[in-house]
Amino acid sequence: MSRWRGVFGRGAIAPMLLVLAAAIPATAQQQPAPPPQPAQDTVHLGVRSCAGNNCHGAVQPLKTSHIEQNEYLIWSQKDKHSKAFAVLREERGLRIAHNLGLQDAEHAKICLDCHADDVAPNRRGPSFQISDGVGCEACHGGAGGGGPEAPQGWLGTHISGTNHAADIAAGMYPTDRPIERAERCIRCHIGDDKRFANHDIMGAGHPPMPFELDTFTAIQPAHFVVDKDYVERKGRPNDMQFWAVGQAVDLRERMDKILDKNNVPKGANPELALFDCQACHHAMNQLQWQKRPAIGLGPGKLRLYDATAVMLRTIASRVAPDAAKDLGDHLVALHRATVEPNGDYWAGVQREATAIREAADKLVPALAKHNFDKGDAKALAQAVIALSTGGEDLDYSSAQQQTMALESIVAAMKAFGFADEGQLKGLDDALGKVYEAAADDQKYRPDTFVQALKDFESKLP
Amino acid sequence: MLRAIAIRAARVVAAAAGLTLVLGAVTVGHAQTSRPENTHLGVASCSGNNCHGATERPPQSRVPGNEYIIWSKRDKHRLAYAVLLEDRAIKMARALGLPDAANQQICLTCHADDVPANLRGPQFQLSDGVGCEACHGGASGWLGSHIARAPHAQNVANGMYPTDQPAARAEKCLGCHFGDETRFLDHRIYGAGHPRLRFELDTFTAIQPAHFVVDKSYVERKGLITDLQVWGAGQAISLIKHMDAILDPRRTRGGIFPDFVVFDCQSCHHDYGPVAKPTTTGLPPGTIKLYDANLVMMRVAASQVAPAAARSLSEHMVALHRASNTDWAQVQSEARAVRAVAESLVTPLAQHQYTREDMHALADAVIAVGLQPDDWQVSHAEQVTMSLEAIVSNMRSAGYIGEGQDGPITTAMNAVYATFASEATVRPDAFAKALHDVQRAIGR
């Protein structure tokens, strides 16, 4: 599907990998992250207060700067977050609104929740514009202060050039930390207790929303460069860690969605956004069903989306084997519960979702602490590949996650020098083929994908 | 499908001459006289060249005599067993956890004349697929009277199945072409790779292709049974069987979802493009929608024959869809109500005499269903197309289609079918244009 390719394409990723690869060799250890204190009710000053040409809108950085200063330019020119509001006014946005019985999309809270920095009017500064879409402060937090947690706001601290920890203490959101970044992105890219692109919205015409934290950081494209300064200030980010933590937070949120009382099945229609899109959305002359011995559902059954659960289990089997077994057992039980032919099936589903949520929640801090090393990179790459080559999970949703997982592992190999240049080139080329095989859900063929994975595996150092 | 149309056109033209001559008394009933206890003697007992395997019409014969030849050369029923041995069927069987397809009751129940071993005569062969007696009934009781040229009613009394009666034919065909409490193509089988079933009794009778010719002798023996009577009975019984599936706990309960076969296939199986809000069902976008194409057609049929029933169907249809988003017990209660209305319409529809004006009004009403931009469904379009086929066929045999009209109507109908070349690419606007052309070609 063509709209997919824009997000899930190599074109956007390759340059970012070069940037990451250009980073200096690892000297600093990952700093233990201080507890986050994200401010909840600060004033949002607007994109304009960040975009000055001596701040984040510079074509050439100041000599003394420890960053590129082009962050606003990257966001405004390349990052789709800057178009998040604008698309609501386009034909598709209007049609979705119409299908949902709304007047329009640009005034509807259900849309603005994620397509803009929709803070309450009393928290919008004089330069704030809703039409800026998902602007700086939607992720980095309101810079103007005002609440008890950050009475002064962090813009003053930030401009005065103290240090990152002081900015955070003043209320800046710590997007550099894996858990916090995952939570921030996922609150829209999956949802939270207030936001959820449910199947009504999907059915009205919203595009599907695949997500993997590390890959999506890269293809955004990231407006930070991991150089010496960055590492000194924030530690060296490990792509595998962002990937792993992202999976755990993702899974925890998905289980919350199953447990949400709004998503209890009514009549013949449970909340379909909880399920695997391609289980239904395939042409009838193109069979999609793949035997998955580990979950035991027969053909013709609609299965819950479980690609991140399978991935987290795969990660845990290397990092925390007990948790892996726990996740695996409950995942089987979760799927079985969905086809339990008695009236209590949802109680069973919720029971298993609770257990999976608990396991994922425990893994979040564990994965954020784990030092993903060279051995992990190879073992995890092999384990991810084995999901398909071993025939355990050939569903498209899993192929998507496998592809993005390998992307993250290769990025970490580059950043930490786990492979030499020649090896990296081989891996990069092979990864291109993996992407190609998984780029379009309607054209996805498991055997082509498996072949691409095998080629990739043969290039692992 | 295009090929099927051509076959149908040929049949209709051939039959028309004989049909218009005789307007005999019509006796159509909801006959249920199948005798499962009769032994199935096998295709070989029917296919003699002096019986139904003749290349030329046997002297004094009341029928063309080539029924076996048509079946064995052109009718897919003969290949029903053979396909179980093919690669696709073996893959399906594996997906279902079965070692093969050709020895499985779940497959044979519709892919062959799978009667118990004690009811299989010496010439019976399972590999004959859906042979003569799968539809006409085991012949041990009636072959004698049949060969002796007893009246049709006598044969039927002896256990021949009355496939000439619209309601009985619908029951027989839909037993496999949708399913019943003993045989059911559930979504597990679809998920394993079974092609989709779609059905309309009159069109499928024609494209089988039919191995009977409605000529003077036929009408004298069996009465004049019109395409629209066959169509109406087919719609009613199809609707009954769909409601039965919703009501049967064994067929609809399987955890979170009822069996998906009670839903509209394209409600899920589509690309991610935005879909129009289905205004007539009142359901929000993104909701799985129950299959309702027969219900929509029944409402059209009833609005001519029994207006009160049509209103009742309308009300229950809306309630049925609404309930699907709130309460399954309520869905079942609405399904019961719809079923009762459909049941009451079987006989009226199977006996209704349509005037020329009726047929034009029916064509307009059917076309209107296909033109609804806010509730356009592939499943509706399919039923619209096949229903139009039945109407046009009936108009032809009744002599309501003038000399120069035949060609343009066939061309226009072929254009309607062409918009179905692929389910994935069928578009409402192309379909609507083709329907307008049919409407113009039919004229007033």
Side-chain angles (χ1 to χ4, degrees), chain A residues 1 3-4 91-92 95-96 98-101 198-208 265-275 277-291 297-302 304 335-343 345-346 348-349 441-442, chain B residues 88 91-92 94-97 186-196 246 249-250 252-263 265-278 283-290 321-331 422-425:
Chain A
M1 212 163 291
R3 59 183 155 274
W4 231 102
E91 200 256 328
R92 182 176 196 164
R95 195 170 40 193
I96 293 171
H98 169 77
N99 287 343
L100 288 167
N198 67 13
H199 205 262
D200 287 6
I201 299 177
M202 292 295 171
H206 197 285
K266 291 177 278 291
N269 271 297
E271 177 45 59
L272 291 168
L274 306 173
F275 292 81
C277 308
Q278 285 79 22
C280 291
H281 294 293
H282 62 81
M284 278 175 286
N285 61 5
Q286 187 54 57
L287 283 178
Q288 290 289 321
W289 184 76
Q290 301 288 337
K291 191 170 186 176
L297 290 185
K301 295 291 181 194
L302 180 44
L304 289 165
H335 283 298
R336 296 258 161 91
T338 65
V339 293
E340 197 57 52
N342 66 47
Y345 55 83
W346 197 248
V349 168
D441 64 339
Q442 304 294 307
Chain B
R88 177 179 194 165
K91 277 193 190 140
M92 284 179 56
R94 298 256 160 84
L96 291 166
D186 63 18
H187 199 262
R188 210 169 45 99
I189 304 179
Y190 280 121
H194 198 284
R196 188 159 77 87
I246 290 177
R250 283 171 308 163
T252 56
R253 268 272 69 94
I256 296 177
F257 296 99
D259 194 289
F260 289 118
V261 287
V262 300
F263 295 96
C265 304
Q266 280 83 9
S267 156
C268 293
H269 294 292
H270 62 76
D271 203 343
Y272 300 121
V275 292
K277 188 177 177 183
L283 292 175
T287 313
I288 303 188
K289 184 172 162 289
L290 288 165
H321 283 303
R322 296 251 161 97
S324 74
N325 226 4
T326 53
D327 179 7
W328 188 249
Q330 187 62 28
V331 169
S422 156
E423 261 165 38
T425 58

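Only a predicted model underlies this, so the values are computations on that prediction, with no experimental measurement involved. Every chain is numbered from 1 and lettered A, B, ... according to where its sequence line falls, protein lines coming before strand lines.
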Colleague: Could you state the interatomic distance from OG1 (B:T326) to CG (A:N269), rounded to the nearest 0.5 Å?
Modeller: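 Rounded to the nearest 0.5 Å, the OG1-CG separation comes to 9.5 Å.
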Colleague: Around B:K91, counting heavy atoms of other residues, nucleotides and ligands shown, do more than 12 lie under 6.0 Å from its NZ?
Modeller: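 No, NZ of B:K91 has 12 or fewer neighbouring heavy atoms, counting only those of other groups under 6.0 Å.
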Colleague: Taking A:H281 for the side chain and B:C268 for the main chain, is one N or O donor matched with an acceptor at less than 3.5 Å?
Modeller: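 The answer is yes, because a donor-acceptor pair under 3.5 Å joins these two groups.
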Colleague: With sequence neighbours excluded, what pairs up with B:H194 under the ring-ring contact (aromatic ring centres under 6.0 Å, His included) test?
Modeller: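 With neighbours one apart ignored, the set is empty.
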Colleague: In terms of heavy-atom pairs under 4.5 Å with chain A, which of B:C265, B:G193, B:A95, B:G97 leads?
Modeller: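 Looking at each option in turn, the highest pair count goes to B:A95.
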Colleague: Could I get the full list of ring-ring contact (aromatic ring centres under 6.0 Å, His included) partners for A:F275, not counting sequence neighbours?
Modeller: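 Here the qualifying residues are B:F257.
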Colleague: Does any heavy atom of chain A fall under 4.5 Å from the side chain of B:A323, the backbone, both, or neither of them?
Modeller: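 Interface part for B:A323: backbone (N, CA, C, O).
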Colleague: Please classify the contact of B:R188 with chain A as side chain, backbone, both or neither, using a heavy-atom distance under 4.5 Å.
Modeller: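 Both the backbone and the side chain of B:R188 come within 4.5 Å of chain A.
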Colleague: Please report the shortest heavy-atom distance between A:P299 and B:G191, naming the atom on each side.
Modeller: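 Minimum heavy-atom separation between A:P299 and B:G191: CB-C, 3.5 Å.
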Colleague: Which atom names give the shortest non-hydrogen contact between B:H269 and A:H282, and what distance separates them?
Modeller: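 The pair with the smallest heavy-atom distance is ND1-O, 3.2 Å.
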Colleague: Under a 4.5 Å heavy-atom cut-off, does chain B meet the side chain of A:L272, its backbone, both or neither?
Modeller: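 Contact with chain B: side chain only.
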Colleague: Would you compute the distance between atom NE2 of A:H199 and atom CD1 of B:I288 and round it to the nearest 0.5 angstrom?
Modeller: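 If we round to the nearest 0.5 Å, A:H199:NE2 and B:I288:CD1 are 7.5 Å apart.
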Colleague: Given heavy-atom pairs under 4.5 angstrom as the criterion, report whether the side chain, backbone, both or neither of B:D327 touches chain A.
Modeller: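 Only the backbone of B:D327 comes within 4.5 Å of chain A.
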Colleague: Rounded to the nearest 0.5 Å, how far apart are OG1 of A:T338 and CD1 of B:I256?
Modeller: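 Interatomic distance, A:T338 OG1 to B:I256 CD1, rounded to 0.5 Å: 5.0 Å.
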